[in-house]
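These numbers come from a predicted model, not from an experiment. Naming: A, B, ... by sequence-line order, numbering from 1 per chain.
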There are 2 protein chains.
Amino acid sequence: MRTTITDVAKQAGVSMKTVSRVLNNEPNVAKATRERVMEVADQLDYSPNLAARGLASSRSYLIALLYDNASPSYLTNIQRGAIEACRQQGYHLLLEPMTAAQTESEEAERILRRMNVDGAILTAPLCDLTALRNSLTRLDIPYVAVGPQDADEGAAVRMDDQDAAFQMVKYLIDLGHRDIGFIAGDPDHASTRHRRAGFDAAMQDAGLHAGTDRVVQGDYTFRSGLEAAKRMLEDPTSRPTAIFAANDDMAAGVLSAANRLNIAVPDALSVCGFDDTPIARILWPQLTTVAQPIHQMGRKAAEILISRDKRRDPATHTFDYELIIRGSTARAGT
Amino acid sequence: MRTTITDVAKQAGVSMKTVSRVLNNEPNVAKATRERVMEVADQLDYSPNLAARGLASSRSYLIALLYDNASPSYLTNIQRGAIEACRQQGYHLLLEPMTAAQTESEEAERILRRMNVDGAILTAPLCDLTALRNSLTRLDIPYVAVGPQDADEGAAVRMDDQDAAFQMVKYLIDLGHRDIGFIAGDPDHASTRHRRAGFDAAMQDAGLHAGTDRVVQGDYTFRSGLEAAKRMLEDPTSRPTAIFAANDDMAAGVLSAANRLNIAVPDALSVCGFDDTPIARILWPQLTTVAQPIHQMGRKAAEILISRDKRRDPATHTFDYELIIRGSTARAGT
DNA sequence: TTGTAGGCGTTATCAT
DNA sequence: ATGATAACGCCTACAA
């Protein structure tokens, strides 16, 4: 039998309520008592039973990470951050993948209901689904959205995608590029809109104009980047000197297309991506890209959920990005 | 207030025990009763309180995924599989990263004790840590190891790394390669030994011998592959015609080194990897590699844990691998 | 086939 | 500052 709070109480010569107080850092316990209890608990390798605690306090000490089709590196980073925060507070992270389709059927709500969590972290494409947000509200599950989003309601942890895209394009322009292509992401993601807006703004700011054939719709996959780049590069007489892909996977597609067409990168074509995923360093040349502090965002999201009733955190946190300049971009016409 | 089992019982005009029976699919319930209860439960959006259920039955319906420093794509695949199995049975997946260092201190055991799970999935490097296995045994937490491992005790889900490596090298030899380099993985991983053994066996089988400068120690990172390849390729008068890296990240390093040294792949150098991670398709040329059914392995591991007392699963499952031939390998001397 | 009583280990309430 | 006792919601054991 596992040691219980009663064992500790007996051994320490106090009531179980006192032990409970000590373990939960409640006030009104004599210092000496507190220390004695701690010692006994340690010695007995006592740790509270989550289920019992949950039943009595109607808290589960569980936080769910809701995601859909997230890229592996993004997902693991969010997880890492969230878990750090959870560990510090005795919480645990539950994984709950969920498709957009599910959020509109009864299914998502069933899944949510079943999980009995104290809060949920909503990542990437899921934050923008009103159906899901409504479900969570209806079930009274607090949530924090991670990633760019339009709705300003609710807690959120974000990065300024638009400004990051703006700066990246400005960097290309400063390198002398005038004919710049843009490969947009999945239209269902809010980030797609923001990154596109950043591109547009920077071009306009510089008095440049990208023709319609210079902006191609992708969907954040490698293949879509490859196809988009092929189209943009197929005519040797009219090629952009730089292509900005809205994420690294698509930028990898651009590099691949350039390889196939024998276009030297960065000499004849500068390429840049977004996200600074591990592949950015693995490609040749290494990718100029935007680094998001994903790990910190995951951490912050969990912290907000855990402390939601204690401190009154400002609902929204915006993190800084960083332009990572690598070998895939160079001065135009080198 | 959330609806409880008592609400359902009242509404259906039966005792709560009967409701409990229906919900747990226990026998000895009249068909009509069962249907009525189901209907009421549905209608009331009832779902059992995990904590209460756990407290009463001393099962938590939680399974932990223990991992250390796993590659993102490996991790997400395992997760996907495990969650599929969990969902079907009303279980949830808890994420618990854990460093090798922690497993040897008290810390790992504290973490394990705190989590109150019904079972644990042990991935990659963790399976080989006796300290961790002992802790789990001591805490009476059933576990399934995923990945190659030496100790034959306990349930395990694995793939024959050695045979896969053997076949890959055999494939290179069949292409006419005689001078083949091998980049080994992190010496702390069991897979490293197995893949190396496969390489050795295939070479010996073909009457070939790899000089000591043809086998270089890496550590499964891109950078280590890059460094190893540089060393292996620095002397233009004595270069292997093929390099087999023990994982895709290191193979990416080899490609990168070849790029820097202006060695054409696959014309002058064939390169292959192991794992079939997403980067295998993103690199140029695309990587010949070994695909592991990681997703199924995760699924199976969870299934074993969940059904451990019902069926008597054979303790160990071995999955098939698949050689994926892509553009990075070609006939020698093309 | 169905129901009743008791307890799982913790926190909350109210005394002392 | 500390303690007794009653929830919390479900399952197990045993009855009926």
Side-chain angles (χ1 to χ4, degrees), chain A residues 1-38 40-41 44-62 89-92 113-118 140 309, chain B residues 1-38 40-41 44-62 90-91 113-118 140 309:
Chain A
M1 213 64 254
R2 273 186 46 167
T3 59
T4 75
I5 200 172
T6 331
D7 300 330
V8 178
K10 239 180 268 175
Q11 191 81 9
V14 295
S15 79
M16 55 187 259
K17 178 64 219 184
T18 301
V19 177
S20 172
R21 274 195 263 263
V22 172
L23 272 86
N24 293 295
N25 274 314
E26 284 172 38
N28 295 333
V29 181
K31 201 171 164 200
T33 319
R34 169 160 273 137
E35 275 162 11
R36 186 151 36 88
V37 171
M38 288 293 247
V40 174
L44 262 52
D45 276 345
Y46 169 75
S47 69
N49 178 320
L50 260 191
R53 189 187 269 216
L55 183 56
S57 65
S58 65
R59 290 202 295 165
S60 63
Y61 295 89
L62 294 177
Q89 312 285 339
Y91 277 71
H92 293 270
R113 208 197 323 279
R114 284 179 65 157
M115 56 191 196
N116 286 117
V117 294
D118 290 346
D140 205 36
D309 24 35
Chain B
M1 212 64 255
R2 271 185 50 165
T3 59
T4 74
I5 200 172
T6 331
D7 301 329
V8 178
K10 240 180 266 171
Q11 188 82 7
V14 295
S15 80
M16 58 183 257
K17 177 64 225 185
T18 301
V19 178
S20 169
R21 273 194 265 263
V22 172
L23 271 86
N24 293 296
N25 275 314
E26 284 173 38
N28 296 335
V29 181
K31 202 172 164 197
T33 318
R34 168 161 272 138
E35 275 161 10
R36 186 153 35 88
V37 170
M38 288 292 246
V40 174
L44 263 52
D45 277 345
Y46 170 74
S47 69
N49 178 318
L50 262 190
R53 193 189 266 218
L55 183 56
S57 64
S58 66
R59 291 201 294 165
S60 63
Y61 294 88
L62 294 176
Y91 277 71
R113 205 195 326 274
R114 285 180 63 154
M115 59 191 193
N116 286 119
V117 293
D118 290 346
D140 206 35
D309 23 33

Separation of [N] [atom2] from [X] [atom1] (nearest whole Å):
X     : N      : atom1 : atom2 : answer
A/I5  : D/dT5  : CD1   : P     : 17 Å
A/R59 : D/dG9  : CZ    : C1'   : 18 Å
B/K10 : C/dG3  : NZ    : C1'   : 16 Å
A/Y61 : C/dT10 : OH    : C1'   : 10 Å

Does the side chain of [X] reach to within under 4.5 Å of the side chain of [Y], using non-hydrogen atoms?
X     : Y     : answer
A/Q11 : A/V19 : no
B/L50 : A/S60 : no
B/R53 : B/N24 : yes

> Which part of the nucleic acid, if any, lies within contact of B/Y46, taking any heavy atom under 4.0 Å across all strands shown: a base, the sugar-phosphate backbone alone, or nothing?
Replying inline: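 The residue B/Y46 makes sugar-phosphate contact but no base contact.
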
Hey, what do you get for [atom1] ([X]) to [atom2] ([Y]), rounding to the nearest 0.5 Å?
X     : Y     : atom1 : atom2 : answer
B/N49 : A/L55 : CG    : CG    : 6.0 Å
B/N28 : B/R34 : CG    : CZ    : 9.0 Å
A/L44 : A/I5  : CG    : CD1   : 12.5 Å
B/T18 : B/E26 : OG1   : CD    : 10.0 Å

> Listed in order of residue number, which residues of residues 47-58 of chain B have a non-hydrogen atom at under 4.0 Å from DNA chain C?
Replying inline: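 Those residues are B/L55, B/A56.
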
> Has B/T4 got a side-chain N or O lying under 4.0 Å from the OP1 or OP2 atom of D/dG9?
Replying inline: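 False: B/T4 side-chain N/O out of range (4.0 Å or more) of D/dG9 OP1/OP2.
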
Please produce a list of atom pairs where a protein N or O lies less than 3.5 Å from an N or O of nucleotides 1-4 of chain D.
| from | atom 1 | to | atom 2 | distance (Å) |
| --- | --- | --- | --- | --- |
| D/dA1 | OP2 | A/N28 | OD1 | 2.4 |
| D/dT2 | OP1 | A/T33 | OG1 | 2.7 |
| D/dT2 | OP2 | A/A30 | N | 2.8 |
| D/dT2 | OP2 | A/T33 | OG1 | 3.4 |
| D/dG3 | OP2 | A/S15 | N | 2.8 |
| D/dG3 | OP2 | A/S15 | OG | 3.2 |
| D/dG3 | OP2 | A/T18 | OG1 | 2.7 |
| D/dG3 | N7 | A/R21 | NH2 | 2.7 |

>> Taking side-chain contact (heavy atoms from CB on, under 4.5 Å) as the criterion, tell me which of A/V14, A/V37, A/V40, A/T33 meets it with A/V22.
In response: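 Of the listed options, the one satisfying the test is A/V37.
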
